[in-house]
Amino acid sequence: MELVQEAPYRFRIEPTGAMRVPGVVFASRELLGSAENAIDQVANVAALPGVVRASYAMPDIHWGYGFAIGGVAATDPQQGGVVSPGGVGFDISCGVRLMASDIDASDLEPVLEKLMDGLDPVIPRGMGKGAVWRLSGRRELTGILTGGSRYAVEHGHGNERDLLRCEDAGAVADADPDHVGERALERGAGQVGSLGSGNHFLEVQRVGEIYDRQVAEAFGLRNGQICVMIHCGSRGLGHQVCTDHVRAMERRMERYGIQVPDRQLACAPVDSAEGRAYLGAMAAAANYGRANRQLLAQAARQVFQRIAGARLDLVYDVSHNLAKLEEHAVDGERRRLCVHRKGATRALPPGHPDLPPDLRDAGQPVLIPGTMGTSSYVLVGMPGGPAFASACHGAGRVQSRHQAARGVDGRRLRATLEEQGIAVRPSSWRGLAEEAPEAYKDVSAVIEASEGAGLCRKVARLLPVGVVKG
DNA sequence: ATGTGC
């Protein structure tokens, strides 16, 4: 695949074959080196019906199911535009929540081990079982699917201010639980309020550097402050929703006359029975993911209050796996588009009407989880963002899970991290090894490219203090 | 990511 550099952090794939628009990859040469198969996927996405302007990829691009992880693509429903579950990913509404405490790292230090021991049993994680919330029945699950974080808050898990700081005020509209299948409901019933596994975590962090004092202040962040970051998604429920709707779309594509270069790009017109069914089920799974983060946040708050006498205020909660109907200017014209972000974070610019009043001047917090040994970042959306108000979402893998598990010993990794003063509470040694920092790209290089490409701006760097690993 | 595999 030929990539032509057109700006310092911007590469272009000219449309060839079935491509309807060009591909645009925001990255440095170094970051591109490990993403060859994923670049082919960017070109494949450019062939989707109704795709607008370009098929984009963020600097943390790596290979994924159908779409690359780090992919952004918008389609126009009025021009036969499609929605594709592969453009959202299996972990629907996987995302990040950041809370800021009212204590500094030096205040926490004497009780850190106690705090970690307090979090350990109350943050359910690992494959399969365990959840903060035991549901009374299906009606409660339906409430979560339509109400998201709002439902959790209404039932005593959090406060009204939390909702102001959640994307979509805590719940995606137009969720349709009727299109969430029986199997998905069964899988979801016992996992409400759980981290899961893989790269999911709850981290105690310290603000290590401030890049933009004014915006950091608006976000409630200052140097030395203790924060909590939660990264998790919609567990087995979201996974099953994706599986079910990919199958349903595969069966109908021929009748819609849709051809795609890769079977994994199964899709349906946004304005079709299958498209609407998926979007309704996806929104329901997204709300499950948001309630999940709300419940875990509340569990962490109780431990922080009890052991450190500290309060945790929500900075923001945002998804990086979602498709949304949004208005964007295309060639000077406002159009309603279906924006797929898969491993890409929405990054609204200052002044955007969807921001809460106290963040409107600053812009949307963009939360980027790094890896255990390195750092995470808080960014902010930029005016005139080049990719439908999107930015990167993490470091991006360079080693497969298998590779990492072969090359890293989990116990030794924990010892190394503890030597660096990072407390670790893993759920499995293999899982920990798979998430070793060396399995990922350098998150700082990803951030530098994201900023250099004009996708976002740096606000603060967060350093790990304690890791509760899924 | 995922009761890690048709």
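Here is how names work: the chains are called A, B, and so on, in the same order as the sequence lines, proteins then strands, and each is numbered from 1. As the structure is a computational prediction, the values presented were derived from the model and not from experiment.
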*Qualifying residues under salt bridge (charged side-chain N to carboxylate O under 4.0 Å, His left out), relative to A:Asp409, sequence neighbours excluded*: none
*Atom CZ of A:Arg401 to atom P of B:dT2: distance rounded to whole Å?*
9 Å
*In terms of side-chain geometry, is the basic nitrogen of A:Arg97 or A:Glu167 positioned less than 4.0 Å from the acidic oxygen of its partner?*
no
*Take the protein atom CD of A:Gln264 and the nucleotide atom C1' of B:dC6, then report the distance between them rounded to whole Å.*
15 Å
*Send over the distance from A:Glu434 CD to B:dT2 C1', rounded to a whole Å.*
12 Å
*Separation of atom NE2 in A:His245 from atom P in B:dT2, rounded to whole Å*: 19 Å
Name the atoms and distances for all side-chain donor-acceptor pairs under 3.5 Å in residues 18-29 of chain A, with sequence neighbours left out.
| unit_1 | atom_1 | unit_2 | atom_2 | d |
| --- | --- | --- | --- | --- |
| A:Arg20 | NE | A:Ala47 | O | 2.9 |
| A:Arg20 | NE | A:Leu48 | O | 3.3 |
| A:Ser28 | OG | A:Leu31 | N | 3.2 |

*Send over the distance from A:Arg430 CZ to B:dT4 C1', rounded to a whole Å.*
9 Å
_Euclidean distance, atom CD of residue A:Glu250 to atom P of B:dC6 [Å, nearest integer]_ = 13 Å
*Interatomic distance, A:Leu195 CG vs B:dT2 C1' [rounded to whole Å]*: 15 Å
*With a non-hydrogen cut-off below 4.0 angstrom, is A:Arg183 in contact with a base, only sugar-phosphate, or nothing?*
base
_Considering every strand and a 4.0 Å limit on heavy-atom distances, what is the contact class for A:Gly89: base, sugar-phosphate, or nothing?_
nothing
*Would you indicate, yes or no, if B:dT2 has its OP1 or OP2 atom less than 4.0 angstrom from a side-chain nitrogen or oxygen of A:Ser197?*
yes
*asked:* Measuring centre to centre across the rings, with the benzene-like ring taken for any Trp, is A:Tyr278 within less than 6.0 Å of A:His179?
replied: no
*asked:* From CD1 of A:Ile92 over to C1' of B:dT2, roughly how many Å is that when rounded to an integer?
replied: 12 Å
_Over all strands shown, is A:Gly233 touching base, sugar-phosphate only, or nothing at heavy-atom distances under 4.0 angstrom?_
nothing
_Quick check on B:dT2: is either OP1 or OP2 less than 4.0 Å from any side-chain nitrogen or oxygen of A:Arg235?_
yes
